[in-house]
Amino acid sequence: MYYCMLRSFRGNNFIQLARASVSQNPQLWDTSLKLCTACHTTHSPISPLTHILQRHRSQTASYRCMSSTVRRRRMPSAFPVIDGTFHPFHKHVYEANLRNSLICQQKYLDHKQKVFKGGGENAIARHTQRNRKVLVRERLRMLLDDENYLELSPFAGFGLPYGDIPSAGCLTGIGQINGLWCVFIANDATVKGGTAYPITVKKQLRAQDVAMQNRLPCVYLVDSGGAFLPLQSEIFPDKNQGGRTFYNEAVMSAMKIPQVAVVCGSCTAGGAYVPTMAEEAVIVHRIGTIFLGGPPLVKAATGEEVSPEDLGGATLHSEVSGCVDHFATVESEAYEYARNIISTLNYELPEETSTRPEEPLYSIDDLMGLAPRSYEYSMDIRLIVSRLTDGSRFQEFKARYGTTLVTGFARVEGHQIGIVANNGELTYEASLKGSHFVQLCDQRDIPLVFLQNTSPVPPHTLSQAKAESNTNRLKAQGSMMSAVACASVPKITVVIGGCHGSDSYAMCGRAFDPNFLFLWPNAKVSILAPGHSDALVQTEEEITQINEMLEDESSAFFSTGRLWDDGVILPQDTRKVLGKCLKIIKQQEYQLSREKMRTPLLRL
């Protein structure tokens, strides 16, 4: 009981608790005696506050000891099965959605094919034959346990003002190394020689954010020529640009988030700090180099000709400078070193269970026809929920109130979640209901999954009653935004349809910092939905112009090209992706050393 009370007190409240305990139970402590009557332990004379602290620490230690030895099991699910059957009147909407989804899926596959080509055939030949290096996806095969990794924002870098940068010139994601989920950031030197564009920096910073938010070890596969100088003003000076990478490395080290770097190519200019700030670094002989200025710069500055190997090669940095910790003769050996380093981390992973979670009762392929072509082509969100949850089970919360928002509890691949899903516009009642449910999940430490399909049209104010209704709705939405922003539980957002206006904030859009955010290929992301600009402008010419702009800029591929999300996923892959994200989020519970240090690890 005291332990539970102590966890709720901080600062002055802690002292007040101690004083209250002494005044109410003076017989518990006798500072002139050595016997504590509360725990029957002999102590030297101490203050009541010190004694409370000692009891708190001992009970915490015993609790940790018990939790590490006692095997726990989740309470059985008693959730009812949700009705996911189609009705005849759904047919025309389903077919229209399906046709649109097939078009979007083909666009997704075309983008995927471009990503796999990297910098093109000539660049691949130069990378593998002249430079004798391994392609980035082959590197990941050697590093990770399998290819069942979660790649983040694979289509980032397409459709940018300065041209297409396939996959933003680097691969980022989360994969397993010796059973442990780790973030990886791997430069693709076939794309512009691995140089960093603004979108490259943004993608790397997002991967570090994912590592910090979910407390995941991070592995850097460095093969970069440094910043792309013609765009230096968009790469170097600002807060969330190039230098933030190194700031994050220091903060992550202070948070006890392990970082490992493998130098498997050029590591030039600012990129040289990545391995030197990592906790352990591996370098590949005759391939890996680390220097602030390469041989051409040395010659221009001093007239001296020097080879990359002599200036900053593996032998120099492993034997002379000490910048790296492990010398690998070939790339395969380097990834074996990295795997061995990960095996030294202080984690205790749970035993794998043979029990498989229930599959949904309805076909997951139906989601292609349920992905809304537009807001007007949306069907009941429960049809989608029934194809994502274990056994199609869903315990709905406040089912009869605020019906344009569906909230409730379910499980996805065995993980309990709270679902918040749009079933229409976010009304006053729906927003209040959403606030209540989000706070309920936060109270119970249950992760939240948002299925977002927000209303495209701002309500017209035609009367005083409507104005009052809009005011109430605004206040209720503000309350829901506060609840979502302040909820400390993990949050995953999937935009299944529209992401428009203020409704998207209350539904945990990008600005509200979800752990992960994904889009379906049919999704639309804009402040106003295409085709609804007549509410804001008058002339036909303006309406046409704005609608065309919104149509182009609201596409899921326009959004993901600019890294406003963590990637486009196919509807039928959603359950698998959610399950993987929930496993990744849960891993932080298995780290044995989670208390923050005061300073990061500093290399010699």
Side-chain angles (χ1 to χ4, degrees), residues 77-85 87 90 370 372 375-376 378-389 392-412 416-461 463 465-487 489 491-509 512 514:
S77 169
F79 301 156
V81 173
I82 188 173
D83 183 14
T85 55
H87 299 287
H90 289 147
L370 291 170
Y375 191 78
E376 288 76 18
S378 298
M379 288 186 274
D380 192 331
I381 193 67
R382 294 173 183 84
L383 296 175
I384 292 176
V385 171
S386 67
R387 285 154 177 82
L388 295 177
T389 60
S392 299
R393 297 179 182 277
F394 182 60
Q395 175 66 37
E396 192 163 354
F397 176 77
K398 282 187 184 290
R400 293 172 175 262
Y401 183 77
T403 54
T404 58
L405 187 73
V406 171
T407 58
F409 301 99
R411 288 194 179 136
V412 171
Q416 183 156 324
I417 58 169
I419 292 177
V420 183
N422 287 120
N423 212 32
E425 67 175 286
L426 209 52
T427 61
Y428 166 76
E429 294 82 5
S431 299
L432 290 181
K433 170 179 168 178
S435 299
H436 186 173
F437 184 72
V438 167
Q439 292 176 69
L440 193 64
C441 289
D442 193 36
Q443 185 81 356
R444 298 176 184 176
D445 285 332
I446 297 173
L448 285 159
V449 172
F450 293 83
L451 301 179
Q452 190 179 125
N453 184 26
T454 58
S455 173
V457 186
H460 296 279
T461 305
S463 65
K466 186 66 176 176
E468 290 175 356
S469 172
N470 289 345
T471 300
N472 289 334
R473 179 179 177 225
L474 185 67
K475 289 189 288 188
Q477 281 191 355
S479 297
M480 186 173 174
M481 287 182 202
S482 296
V484 171
C486 296
V489 294
K491 298 177 277 285
I492 303 171
T493 302
V494 182
V495 182
I496 63 169
C499 176
H500 305 297
S502 60
D503 285 20
S504 69
Y505 303 143
M507 291 296 294
C508 201
F512 277 65

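Only a predicted model underlies this, so the values are computations on that prediction, with no experimental measurement involved.
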Would you say Lys433's side chain and Leu405's backbone share a donor-acceptor pair under 3.5 angstrom?
yes

Could you tell me whether Arg473 and Asp503 have a side-chain N and a carboxylate O separated by less than 4.0 Å?
yes

His436 vs Tyr401 side-chain heavy atoms within contact, under 4.5 Å:
no

Donor-acceptor check, side chain of Thr471 to backbone of Ala467, threshold 3.5 angstrom: yes or no?
yes

Value rounded to 0.5 Å, distance of CD1 in Ile446 from CZ in Arg411:
9.0 Å

Donor-acceptor check, side chain of Thr404 to backbone of Glu425, threshold 3.5 angstrom: yes or no?
yes

Distance (rounded to the nearest 0.5 Å) between Leu383 CG and Leu388 CG:
11.0 Å

Is there a donor-acceptor pair closer than 3.5 Å between any side-chain N or O of Ser504 and the backbone N or O of Gly501?
yes

Distance-only, no hydrogens or angles: does the Asn453 side chain make a donor-acceptor pair with backbone N or O of Gly498 under 3.5 Å?
yes

With a 3.5 Å distance limit and no angle check, can you tell me whether Thr454 reaches the backbone of His500 through a side-chain donor-acceptor pair?
yes

Those residues that, when tested against Glu429, pass side-chain hydrogen bond (donor to acceptor under 3.5 Å, both in side chains) (two or more places apart):
none

Are any side-chain N or O atoms of Arg382 and backbone N or O atoms of Val406, one a donor and one an acceptor, separated by less than 3.5 Å?
no

Judged by atom type as modelled, is there a donor-acceptor pair below 3.5 Å linking the side chain of Thr407 to the main-chain atoms of Phe397?
yes

Under the side-chain hydrogen bond (donor to acceptor under 3.5 Å, both in side chains) rule, collect the residues that match up with Asn422, sequence neighbours excluded.
none

Enter the distance from Met480:CE to Gln439:CD here, rounded to the nearest 0.5 Å.
10.5 Å

Among all residues two or more places apart in sequence or in another chain, which pass the side-chain hydrogen bond (donor to acceptor under 3.5 Å, both in side chains) test with Ser479?
none

Side-chain donor/acceptor of Thr493 to backbone N/O of Cys508, under 3.5 Å:
yes

